[in-house]
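For ligands, and for the atoms within them, numbers begin at 1 and follow the listed sequence.
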Amino acid sequence: MAMIDRSAMRSCTYGMYIVSSVLENRSVGCVVNTFMQVTSTPLCASIAINKENYTTKAILESGKFEVVALAESASMDFIGAFGYKSSKDIDKFASIKSAVSAQGLQYPTEHVVAHFSLKVSQTLDLGTHWYIVGEIVESQVLSEEKAMSYSYYHEVKGGKTPPRASSYDPEEENEAFEEQDSTQAIKWRCKICGYEVVADELPDDFSCPLCGAGKAYFERVELA
Ligand code: FE
């Protein structure tokens with residue numbers, strides 16, 4: 001009988017990207033690991049992006065988007081700000097350095113190695129996600145730094161895969177739970193991004209190192 005071993009999916013390699021667009025005159029963006037070149041002539045690339053993302057609505061309505069490849073130097077704060085919060089609630093561009101492309105869209109310019117401007121050419125409904133193909137109308141290298149791979153994000157940065165990501169693995173959280181070897185009986189889990197802290201109590205001014213959510217967003221989890 002055929003079986004599905006989800007851990008086989010971990011052999012797939014990806015990069016880390018911020019996708020941005022505009023909705024109702026506001027710049028919006030999020031993190032994806034699914035950007036890739038698909039054809040050379042014309043020069044096209046694609047992303048798979050969750051339908052619930054505010055940025056997805058922006059891309060489909062405007063018909064254009066920007067992509068930047070993240071550098072290994074990008075901090076978890078930076079990634080978390082774009083990756084876990086919704087553009088519906090906050091202005092993700094408020095506190096970062098950015099530029100405006102020829103097609104009029106804002107994109108981050110710090111901690112990035114390359115930039116691409118795309119016009120949507122095709123879309124495919126994948127149920128939970130839209131698969132979006134775009135023609136690259138502008139691109140440039142922004143730094144000589146090394147691009148961050150998805151495995152670097154996981155292994156070096158300690159990053160997690162949120163439920164809306166294409167590569168989300170429902171079994172991964174359970175494994176992380178089992179790997180805990182602390183003698184403490186209490187941990188706290190961020191309801192926004194899933195980040196976990198082993199501690200009896202969190203300080204009042206605590207904020208999630210991964211997504212920035214405050215103490216109120218942490219739920220208590222009994223380990224014992
Ligand atoms: Fe968090």
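Residues meeting the ring pair (Phe, Tyr, Trp, His ring centres under 6.0 Å) test with Tyr14, sequence neighbours left out: Tyr150.
By the 4.5 Å side-chain criterion applied to Ile, Leu, Val, Met, Phe, Trp and Tyr, Tyr131 is assigned to a cluster that also includes Met36, Val38, Leu124, Leu126, Val133.
Using a cutoff of 4.0 Å between basic side-chain nitrogens and carboxylate oxygens, Arg26 and Asp91 are not scored as salt-bridged.
For the Fe ion (ligand 1), the count of nearby protein N, O or S atoms, meaning those under 2.8 Å away, is 4.
Between Phe82 and Leu70 there is no side-chain heavy-atom pair separated by less than 4.5 Å.
A donor-acceptor contact closer than 3.5 angstrom links the side chains of Ser73 and Glu145.
Pairs engaging residues 123-136 under the salt bridge (charged side-chain N to carboxylate O under 4.0 Å, His left out) rule: Lys51-Asp125 [sequence neighbours left out].
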